[in-house]
*Asks:* 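Below you will find the structure I want to go over with you.
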Amino acid sequence: RLARVYLGLGDIDAARAAYERGLTELGGAPSAEICRLALERAALEDEHGDSQTVRDILERWQPVARQWRDQAEAEG
């Protein structure tokens with residue numbers, strides 16, 4: 001949510017840092033929040049034309065997102 005505030009203020013660098021801080025603090029444990037943060041961070045970079053960073057983010061967090069999806073499906 002902090003990242004969204006920074007985006008609203010036009011501070012892209014602070015938003016990037018907030019997304020990264022959130023992802024780091026949540027760690028690698030699969031969760032909906034990890035997926036949301038990673039996708040929002042990727043969307044931010046996509047909006048600013050940084051396709052390499054988008055790829056890097058998706059490569060890093062896609063396995064975690066798949067684990068979360070698999071856990072959610074298993075739990076019903």
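Heads up: numbering here begins at 1 and tracks the sequence. Any value given below was found using the heavy atoms of this structure, including those in side chains, with hydrogens, waters and symmetry copies removed.
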*Asks:* With sequence neighbours excluded, tell me which residues meet side chain to side chain donor-acceptor pair (under 3.5 Å) with D70.
*Replies:*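 Side chain to side chain donor-acceptor pair (under 3.5 Å) check on D70 returns nothing, list empty.
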*Asks:* Roughly how far apart are R55 CZ and T53 OG1, rounded to 0.5 Å?
*Replies:*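 Between R55 CZ and T53 OG1, I get 9.0 Å after rounding to 0.5 Å.
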*Asks:* Specify the closest pair of heavy atoms between W68 and C35, including all atoms of both residues, with the distance to one decimal.
*Replies:*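 Smallest interatomic distance, heavy atoms only, reads CE3-SG, 3.8 Å.
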*Asks:* For R66, I'd like to know if atom CZ has over 12 heavy atoms of other residues, nucleotides or ligands within 6.0 Å.
*Replies:*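 No.
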*Asks:* Identify whether the distance between the nearest side-chain nitrogen and carboxylate oxygen of E45 and R41 falls below 4.0 Å.
*Replies:*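 Yes.
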*Asks:* Step by step, would you call R21 with R16 a side chain to side chain contact (heavy atoms under 4.5 Å, CB included)?
*Replies:* CA-CA 9 Å; R21 192 169 39 253; R16 284 182 177 115; over 6 Å; no
*Asks:* Please report the closest heavy-atom contact between G28 and Q67, naming both atoms and the distance.
*Replies:*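 So the two residues come closest at O-OE1, 4.5 Å.
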*Asks:* Would you mind listing the cluster partners of I12? Hydrophobic ones only (ILVMFWY), side-chain contacts under 4.5 Å, chaining allowed.
*Replies:*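 Result for I12 is L7, Y19, L23, L26, I34, L37, L44, I57, W61, V64.
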*Asks:* Should the pair R36-E40 be classified as a salt bridge under the 4.0 Å nitrogen-to-oxygen rule?
*Replies:*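 Between E40 and R36 there is a salt bridge, with a charged N closer than 4.0 Å to a carboxylate O.
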